Amino acid sequence: MTEPSDFIRDMIGADVAAGLHDGRVCTRFPPEPNGYLHIGHAKSIHLNFGIAKQFGGVCHLRMDDTNPTTEDPEYVAAIQRDVRWLGFEWGQNMFYASDYYERLYELAEGLIQKGRAYVCDLTEADMGEYRGKVGEPGKESPYRNRSVEENLDRFRRMRKGEFKEGSCTLRAKIDMASPNMKMRDPPLYRIKHAHHYRTGDAWCIYPLYDYAHCLSDSFEKITHSLCTMEFESARELYDWVVAATEVPHVPRQTEFARLNLSYTVMSKRRLLELVEKKLVRGWDDPRMPTIAGLRRRGVTREAIAEFCSRIGVAKNLSIVDMALLEHVIREDLNQRSPRVMAVLKPIEVLIENYPEGEVEQLDAPYWPHDVPKEGSRKVPFSRTIYVDRDDFLENPPKDFHRLSPGKRVRLRHAYVVTCKEVIKDANGDLARLVCTYDPATRGGSAPAGEKVAGTIQWVSAAHALDAEVRIYDRLCRVESPGDGGRDFLEDLNPDSLSVVQAKVEPSLSSAAEGQHYQFERVGFFFVDPDTRPGAPVFNRTVALKDGWAKLVGKSEPVKAEAKPREAKAAAPKGDAKELTPAAKALAEQHALSADEARVISSEPALAALFEGALAAGAAAKPIASLLANDVVRELRARRLEKAPFDGAALGELPPLVASGTLSTKLAKEVLAEMFVRGARPAEIVKEKGLSQVSDAGAVEAAVAQVLADNPDTVARYKAGNANVVGALVGMVIKSLQGRANPKVVNEILKKQLG
RNA sequence: UGGGGGAUCGUCCAACGGCAGGACGGCGGAUUCUGGCUCCGUCUAUCUAGGUUCGAAUCCUAGUCCCCCAGCCA
């Protein structure tokens, strides 16, 4: 199996290679114990624990328990159970933010002493008011400039419990005018006279996330703190707290997109609402996207792992199609579920030519031909059996390969039968069927020369077991529940659970909790913990793909309201941003394009280089282009304020291109080198022997070689894919150590390709 | 609206100046004692407009759309 790769792993790989933290990698999974873990957490768990494993590091499990009013030890236990069940072990590395309360408190006093935090008596409402609105600066709190002594005294009294809840907070003293709302003197501590599930009544002040989380990461020497995108604007504060408290270890936060799944809900608030309103049976209701729910439904950890690896890790807001989850579940269960027969909607069938009282034990393999496993069981056959109501149609459409009057169908592993008679009750509803069987087809083999199109499952009436079957379907009936301001409860699928009394084959008497089965032609099922001796309960994990349903166009979960694809083309608004006076002057004076002038005048470093180059006698136009397209990029990529060379040096570059010594590609290389060493272009060219190869003979030979080495690519070109020329050009240039003149290469290539 | 982030098949993820690829999904077919599985074929994409370049999804500029931040939640 190849290691997964994504932008976070790439970054960490680079950090390790660069020797950051001595190459050590330590991640953490930091849930708050205020609810159960869901599949979105599974993504994070796989990412954090997976990365630790991949880089030979460790991953901590940490309860981010800083809010005593919502947290509960039951949730801690559930979280631990679920993480373990997913297959991850944290060993000694189980932590609680609540264990850090004393250290956090001390650092907070330190902040006060440094004048970087203060006790604020603003009410909650006032603090919101003072924070201001996005786009306008906030107002400083009247308590902002209390003395260190007063702040210290008040903070200590906060701790002692001298103040009422909500009467004051400890706030970071940052900047009420910051464009980042998170930086407008955020609260660090608040008063809560509440009992904490771990610290009891030891505290009545509790740190807030933005203060506790980053410091907890630091205490634990976390190297890479991975979280979801909504914490992006909190990163500045994260870094501020770490820097201001002067803790020795500095972790780095990186954000990735949280998982969203279609046809379900994922937020803790909504999940909790479903549980509290008893719209589901609990956190582990199989309809819930919780780990516990999926587990109870019969989804395996392997399927979840596969799902997590298939969805990838990126920063795009995304809604993964539930069909993908269902796909990996089927893929996984297909290999591990023995096949058995169950009839969910039984109707009786009398085999009229089968001897009364006779019972045959037919051999039925547990596994289909494509699963390399062995084993079989006996299924009893007798004169009266059940088949599924859906497998009979009195007036069948064409291609209905099941039971209907006069038609032949195979009973799986048994006999081919022919439907002779349809018996109805007083209401005209189907009561039972009468069939005849073909003794020559014992075991289900078709008579020579005959093709039996349909095969259906059945159970012997006298031997069948009664079972409760819980048929679960998607939690919601629309892709994005609660979209467009609707209450998500309105989008719940009313048919997310239907319970039927089924007839199942007698071998299932030994079905034990936790076992997977496939009920042939129906779906994958899982033995629920509610199972009691003689009263089995099966959960439908996922239905089999139903080609027939698709054929007749009544595919089950209707793809809800096709999303209107919003118009992509954005009409340009015409009035482009106006140039600043400086840029305008620059453009006019040197006949530059608006873009060039805009870029050059936007950064002093560029403007300085421009002036310098001009002063050294360079032509304005090529320098401007170089500056606006290439130099600016290097500057940004290297996060430089200023280039390590002067305008005169830069001015030497364009003539080298104009004279043919350098191709534009080589010129970029030289430029990059100038940024690294600050050397002059001519020196770099000389030292690296970069001068361009334009000699036709040399290029012709290289082209011929590349063409001979890549017949496939050439064939693709001849087949009409003009784009491959680029690839060929690249190969030729590469074969000449990057020094070939691309124009010459192109020319010769086209000639040789005919 | 100030700040931050994102834009590639219907969906999710790749491609890091050189052949836009994979998976799910859709459609069609083969196979089949599961209308399952498997196999084959096929469908659809670089937000827009300029620029740089022999060559741009990728670099530069301007714009458009979407998401996040205004809890004493995390």
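On a predicted model such as this, the values are computed, not experimentally measured, just so you know.
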| task | Provide the distance between the two P atoms, one in B:U42 and one in B:A23, to the nearest whole Å. | result | 13 Å
| Short side-chain N/O contact from A:Arg131 to OP1 or OP2 of B:G71, under 4.0 Å | yes
| field | B:U52 and B:U58, which share atom name P, separated by this distance in whole Å | value | 15 Å
| field | Protein-nucleotide distance (A:Lys182, atom NZ; B:G2, atom P), rounded to Å | value | 21 Å
| query | Want to know the stems of RNA chain B: at least 3 consecutive Watson-Crick or G-U pairs with distances under 3.5 Å, which are they? | reply | B:2-7 with B:64-69, B:10-13 with B:21-24, B:25-30 with B:38-43, B:47-51 with B:59-63
| task | Please name the pair of heavy atoms, one in A:Ser225 and one in A:Asp217, separated by the smallest distance, quoted to 0.1 Å. | result | OG-OD2, 2.6 Å
| note | Correct closest heavy-atom pair for A:Phe7 and A:Thr254 would be CE1-CG2, 4.0 Å
| query | Tell me: CZ of A:Arg410 to P of B:U34, nearest whole Å? | reply | 7 Å
| Residue closer to the 5' end of RNA chain B, A:Gly444 versus A:Val725 (nearest nucleotide) | A:Val725
| field | Below 4.0 Å: OP1/OP2 of B:C13 and any side-chain N or O of A:Asn316 | value | yes
| What interatomic distance, in whole Å, is found between C1' of B:A7 and the corresponding atom of B:A14? | 16 Å
| Are A:Lys668 and A:Glu634 within salt-bridge range, i.e. N to O under 4.0 Å? | no
| What integer number of Å spans the P atoms of B:U46 and B:A57? | 10 Å
| query | Expressed in whole Å, how much space separates the P atoms belonging to B:C67 and B:U61? | reply | 25 Å
| said: Between B:U48 and B:G10, how far apart are the two P atoms, rounded to whole Å? | reply: 13 Å
| Atom CG of A:Leu317 to atom P of B:G4: distance rounded to whole Å? | 19 Å
| message | Testing A:Asp390, A:Asp388, A:Asp391 one by one against A:Arg521 for a salt bridge (Lys or Arg N to Asp or Glu O under 4.0 Å), which residue passes? | response | A:Asp391
| request: Between A:Phe524 and A:Arg716, just flag the one whose closest nucleotide in RNA chain B comes earlier from the 5' side. | output: A:Arg716
| Rounding to the closest angstrom, what is the interatomic distance between B:G63 and B:C27 at atom P? | 44 Å
| field | Distance, P atom - from B:A74 to B:C39, rounded to whole angstrom | value | 49 Å
| query | Considering residues, nucleotides and ligands other than A:Lys133, do more than 12 of their heavy atoms fall under 6.0 Å from its NZ? | reply | no
| note | A:Asn746 CG to B:U53 C1', in whole Å, measures 11 Å
| note | Expected label for B:G71 (glycosidic angle, syn inside 90° of 0, else anti) would be syn
| When the distance from CD1 of A:Ile329 to P of B:G36 is rounded to whole Å, what number comes out? | 19 Å
| Pair A:Glu596 + A:Lys621: basic N to acidic O under 4.0 Å | yes
| Is the gap between the ring centers of A:Tyr211 and A:Tyr189 under 6.0 Å? | yes
| query | Are any of the side-chain nitrogens in A:Glu331 or A:Arg336 under 4.0 Å away from the carboxylate oxygens of its partner? | reply | no
| said: If stacking means aromatic ring centre less than 5.5 angstrom from the base's six-membered ring centre, planes under 30°, is A:His401 stacked on B:G35? | reply: yes
